[in-house]
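Report on the structure given below.
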Amino acid sequence: MKATTRQLSDRGRFFIVAGLFILCGTAAVFGSAVPARANAFTMAENQLLGRLGVSYFLTSNYFDNHGDVEKNVDKLHYRDVSGHLWLRWAVLDSLELGLHPRFRYQYWTYETPEPDSEFQEVTSTEMGDLDLDAQWRIFGNQWVAIAVDGLVKLPYFYDEDAELPPGDGQLDAEGRLLAATRFSLFNAGLDFGYRYRDEDPADLWVYGGEFGFAYSIVYGKLRVEGASSAGNAADDAELRDFLHGPDYALGTTAITFGIKPSNHWRLDLTASHTIWGRNAAQGTTLMLATGVEY
């Protein structure tokens, strides 16, 4: 009887903590960027992971150059529905290779100036940028891991001069240092790095932190991540992507909640919110994703 009472008490504590975690994340959960970084732990050698997701982003606001939220001019509304595919392969138990293509449907509507005021629509349906990355765990045991990650963003699958291109047309290269720990039902991680952006736009300092849990078939994660301009944009740099200017900063809070009914399949929902920014769109992203691993 004592053992049963203690078991119920432990479960009660867990659900209280998990509930508080979810509530805290939900308080800041509507925004514009989908979290993109795994923790420092790598998969077992030859393990494969595939994820397929659909994201939905809607906005009529933007952060101006001072970080204040403003309404888009001409009653402009923008919507982005994107399909994402993530593939990861553990070449070794300390080395993973990743591939992330996306396919974007973009829509915006705006009002033309008077006296012939009317709403115009612009749509675009194209493949967007392609990310290639490699993550190497340089130290790790059952509880702690440290890794480095290198990523290249390839912009070669669309016309960057289109009226509504699905990317900024820039070749990016990024490096990050990741550290993570896990204990009992919980896990946490930090990452920090630098993104080089070719040609005119400013490079970016990128960073993030996350806290998650896994219990039985349910799991969740709260993540905060940011990107801050390195301040080296060219004076004549042009706006090429609706979501952000050539010199921007962005901070995002996101929460993920999911189920894993088997060792090979999972399903989760992520909601993210831009909590601060500069020269970037401000809005809401929801993503539904399913994953298979072997």
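The residues of the chain are indexed from 1 along the displayed sequence.
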For this session: Identify the heavy atoms of L288 and L267 that sit nearest to each other, and give their distance.
Result: CD1-CD1, 4.1 Å
Exercise. Transitively linked via ILVMFWY side-chain contacts under 4.5 Å: L132 with F103?
Worked result: yes
Problem set entry | Euclidean distance, D198 CG relative to Y196 OH, rounded to 0.5 Å | 4.0 Å
Exercise. Under 3.5 Å, side chain of T270 to main-chain N/O of T256, donor-acceptor pair present?
Worked result: no
For this session: Starting at CD of Q106, measure out to OG1 of T125 and round the result to the nearest 0.5 Å.
Result: 9.0 Å
Exercise. Out of curiosity, does L154 fall in the hydrophobic cluster containing L204 (side-chain heavy atoms, cut-off under 4.5 Å, transitive links)?
Worked result: no
For this session: Taking the side chain as every heavy atom from C-beta outward, state whether W89 and N46 have any atom pair closer than 4.5 Å.
Result: yes
Problem set entry | Any side-chain heavy-atom pair of T285 and T274 under 4.5 Å | no
Problem set entry | E118, CD atom: more than 12 neighbouring heavy atoms under 6.0 Å | yes
For this session: Return yes if some donor-acceptor pair links the side-chain N/O of Y158 with the main-chain N/O of G169 below 3.5 Å, else return no.
Result: yes
Exercise. Does CD belonging to E199 count more than 12 external heavy atoms closer than 6.0 Å?
Worked result: yes
For this session: May I ask you to decide if G128's main-chain N or O and R104's side chain share a donor-acceptor pair within less than 3.5 Å?
Result: no
For this session: Mark yes when over 12 heavy atoms from residues, nucleotides or ligands other than D235 sit less than 6.0 Å from its CG; otherwise mark no.
Result: no
Exercise. Do I146 and L95 belong together in a cluster built from hydrophobic side chains that touch within less than 4.5 Å?
Worked result: yes
Exercise. Hey, what do you get for CZ (F257) to CD1 (I259), rounding to the nearest 0.5 Å?
Worked result: 8.5 Å
Exercise. Taking the side chain from D203 and the backbone from R197, do they hold a donor-acceptor pair closer than 3.5 Å?
Worked result: yes
Problem set entry | Distance-minimising heavy-atom pair for A40 and A147 | O-CB, 3.7 Å
Problem set entry | Pairwise side-chain contact, F242 with N72, heavy-atom cut-off 4.5 Å (strictly under) | yes
For this session: Let me see the working for D131 and D172 under side-chain contact (heavy atoms from CB on, under 4.5 Å), right down to the final yes or no.
Result: CA-CA 9 Å; D131 292 341; D172 291 3; over 6 Å; no
Exercise. How far apart are the C-alpha atoms of F192 and L177, what are their side-chain angles, what is the distance that settles it, and do they pass the side-chain contact (heavy atoms from CB on, under 4.5 Å) test?
Worked result: CA-CA 5 Å; F192 178 80; L177 176 67; 5.6 Å; no
Exercise. Do V148 and L97 belong to the same hydrophobic cluster, where Ile, Leu, Val, Met, Phe, Trp and Tyr are linked whenever their side-chain heavy atoms lie under 4.5 Å apart, directly or via other members?
Worked result: yes
Exercise. Measuring from E293:CD to Q47:CD, what's the distance to the nearest 0.5 Å?
Worked result: 5.5 Å
Exercise. Parallel, tilted or perpendicular: which describes the rings of Y110 and W108, with under 30° parallel and over 60° perpendicular?
Worked result: perpendicular
Problem set entry | Minimum-distance pair of heavy atoms, taken over all atoms of R102 and L130 | NH1-N, 4.1 Å
Exercise. Do the side chains of P201 and Y248 get nearer than 4.5 Å, heavy atoms only?
Worked result: no
Exercise. So do the side chains of Q170 and R195 get within less than 4.5 Å of each other, counting heavy atoms only?
Worked result: no
Exercise. Do the rings of Y194 and W205 sit parallel, tilted or perpendicular, given the 30° and 60° boundaries?
Worked result: perpendicular
Exercise. Say you draw a straight line from CG of N279 to CZ of F63; how long is it, rounded to the nearest 0.5 Å?
Worked result: 11.0 Å
Exercise. Looking only at heavy atoms, which two atoms of S229 and A249 are closest? And how far apart?
Worked result: N-CB, 4.4 Å
Exercise. Counting N and O atoms only, with roles assigned by atom type, does the side chain of T59 sit under 3.5 Å from a partner on the main chain of Q282, one being a donor and the other an acceptor?
Worked result: yes
Exercise. To the nearest 0.5 Å, what is the distance between CG (D129) and NE2 (H100)?
Worked result: 9.5 Å
Exercise. Short question: side chain of E126, backbone of P165 - any donor-acceptor pair under 3.5 Å?
Worked result: no
Exercise. Between R278 and N65, what is the shortest heavy-atom contact and its length?
Worked result: CD-O, 3.0 Å
For this session: Give the minimum heavy-atom separation between W265 and S262, together with the two atoms involved.
Result: N-OG, 3.2 Å
For this session: Say whether M287 and L87 are linked into one hydrophobic cluster, either directly or through other cluster members, by side-chain heavy-atom distances under 4.5 angstrom.
Result: no
Exercise. Ignoring hydrogens and geometry, is there a side-chain-to-backbone donor-acceptor pair from S60 to H77 under 3.5 Å?
Worked result: no
Exercise. Is a salt bridge present between E174 and K153, judged by a nitrogen-to-oxygen distance below 4.0 Å?
Worked result: no
Exercise. Just wondering, do F213 and V218 contact through their side chains at under 4.5 Å, heavy atoms?
Worked result: yes
Problem set entry | From CA spacing to verdict: side-chain contact (heavy atoms from CB on, under 4.5 Å), Y156, L171 | CA-CA 9 Å; Y156 303 125; L171 175 67; 3.8 Å; yes
For this session: Indicate whether any N or O donor in one side chain lies under 3.5 Å from an N or O acceptor in the other, for Y219 and D268.
Result: yes
For this session: Take R51 and R266, measure what side-chain contact (heavy atoms from CB on, under 4.5 Å) needs, and give me the verdict at the end.
Result: CA-CA 9 Å; R51 282 177 60 79; R266 66 177 63 201; 4.0 Å; yes
Exercise. Is the shortest heavy-atom distance from the side chain of Y56 to the side chain of R79 under 4.5 Å?
Worked result: yes
For this session: Check whether any side-chain heavy atom of Q135 sits under 4.5 Å from a side-chain heavy atom of R137, and report yes or no.
Result: no
For this session: Please confirm whether the backbone N or O of V54 pairs with a side-chain atom of H84, one donor and one acceptor, at under 3.5 Å?
Result: no
Exercise. Yes or no on side-chain hydrogen bond (donor to acceptor under 3.5 Å, both in side chains) for Y62 and D64, after CA distance, side-chain angles and deciding distance?
Worked result: CA-CA 6 Å; Y62 70 98; D64 66 16; 5.9 Å; no
